[in-house]
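In each ligand, atom 1 is the first atom listed, and ligand 1 is the first ligand listed. Atoms considered below: every heavy atom in the structure, side chains included; atoms not considered: hydrogens, waters and symmetry mates.
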Amino acid sequence: MPSQFPSARPRRLRRNASFRDLFQEAEFNLGDLVLPIFVEEEIDDFVPINSMPGVMRIPESKLAGEIERYARAGIKSVMTFGVSHHLDADGSDTWNENGLVARIARICKDTAPEMVVMADTCFCEYTSHGHCGVLHGDHVDNDATLINLGKQAVVAARAGADFISPSAAMDGQVQAIRAALDEAGFFDTSIMAYSTKFASSFYGPFREAGGTALKGDRKTYQMNPMNRREAVRESLLDEQEGADALMVKPAGAYLDIIRDIREASRLPLAAYQVSGEYAMIKFAGQAGAVDEQRIVRESLGAIKRAGADLIFTYFAMDIAREGI
Ligand code: PBG
């Protein structure tokens, strides 16, 4: 007759903190995190981003000091976004050898050569209409945008960016960028592809942070959040096109997608905990509804558990300062 008491007792391994540490499966450390930063030209002071408490736009003139501070705190990598004052229809400042994209990469690499610099490669912060490419009427022209992405990538690579990170969500962008980089001799510049990027409302606060002019949405080029098979297909296409690493964005609401891609590809996989995810945790913490530090660790740990190798997170400096 079976005993009324169990013989399998998972609680045995949870007895105290040492047991729990020994048997913990997933973990993250500072070396897995990339800090996204916003750098604005032609301003003197830091600009707080109201929808992302604790995050500020960095004046270009103070970028070197900030990079030094990050490096001292143990940050290994930054993803750079420019906030441009030179908008035009095509975002041409991005392929100007002395434009903001180039200057940001140069300042970062000159200040901390060991810092891994990933240049977000897109046009939405450099176009007067806020779309991620060349606009014809209300249509974003895929192939015209590819040519401009190639030009921007070469300029960023020449300025020292270690990774080109195309986030424009154009078909064929990885192939076009790889070809342009190789043609210009930048064989060692890597591509961190925003390979599965959803048209997500979680990017809300980014619009204030990045100062994008967009009216409307990006649903004709970014993915439908409800599509799981297509999400895997998008990343596998980028792998075939020559991406060095893949990415799922956003992260927290897309853990199933992270797991699917982890199982479908051998490439390193990143996940981007985006502006809205950050804001939701910050504001809930400020309201006293949750314990911010614990929620940050739990959310990042869950993203690792789902299968991400790297995590882009605005909490990276908080973690560097407070320890894991
Ligand atoms: C640029 C880009 C966006 C983000 C990263 N790169 C905005 C968008 O696609 O609308 C969002 C990052 C975030 O919300 O933290 N295309």
Taking only non-hydrogen atoms of [X], do any sit less than 4.0 angstrom from ligand 1?
X    : value
Y272 : yes
K249 : yes
K197 : yes
Y278 : no
Q273 : no

Requested in this report: Look at atom CG of N224 and say whether more than 12 heavy atoms of other residues, nucleotides or ligands are closer to it than 6.0 Å.
Outcome: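 Count over threshold, so yes.
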Practice prompt. Using the salt bridge (Lys or Arg N to Asp or Glu O under 4.0 Å) rule, take R178 and E241 through it: C-alpha gap first, then chi angles, then the decisive distance, then the call.
Written response: CA-CA 8 Å; R178 187 70 268 161; E241 290 180 26; over 6 Å; no
* Atom pair CZ/CG of R305 and L255 - distance to nearest 0.5 Å ->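 If we round to the nearest 0.5 Å, R305:CZ and L255:CG are 6.5 Å apart.
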Shortest non-hydrogen contact from M56 to I49?
->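 In this case the closest contact between M56 and I49 is C-CD1, 4.0 Å.
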With a 3.5 Å cut-off and no angle check, do the side chains of R20 and Q24 form a donor-acceptor pair?
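No.
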Quiz item: When you check the side-chain N and O atoms of S299 and Q273, is any donor under 3.5 Å from an acceptor?
Solution: yes
Side chain, backbone, both or neither: which part of [X] comes within less than 4.0 Å of ligand 1 when only heavy atoms are counted?
X    : answer
C124 : side chain
D120 : side chain
R218 : side chain
C122 : side chain

E277 side chain to A251 main-chain N or O, any donor-acceptor pair under 3.5 Å?
yes
Result for ring pair (Phe, Tyr, Trp, His ring centres under 6.0 Å) between F206 and one of Y272, Y278, F81 points to F81
Do K249 and F312 have side chains that get closer than 4.5 Å, going by heavy atoms?
->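 No; the side chains remain at least 4.5 Å from each other.
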When distances are taken from atom 12 (C) of ligand 1, the protein heavy atom at minimum range is F206 CD1, 3.3 Å
Heavy-atom proximity to atom 13 (C) of ligand 1 ranks first, among G130, S275, S167, for S275
In ligand 1, the atoms that come under 4.0 Å of a heavy atom of Y314 are 12 (C), 13 (C), 15 (O)
**Report entry** Atoms in ligand 1 with a heavy atom of Q222 nearer than 4.0 Å
**Finding:**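 Close to Q222: 8 (C), 9 (O), 10 (O).
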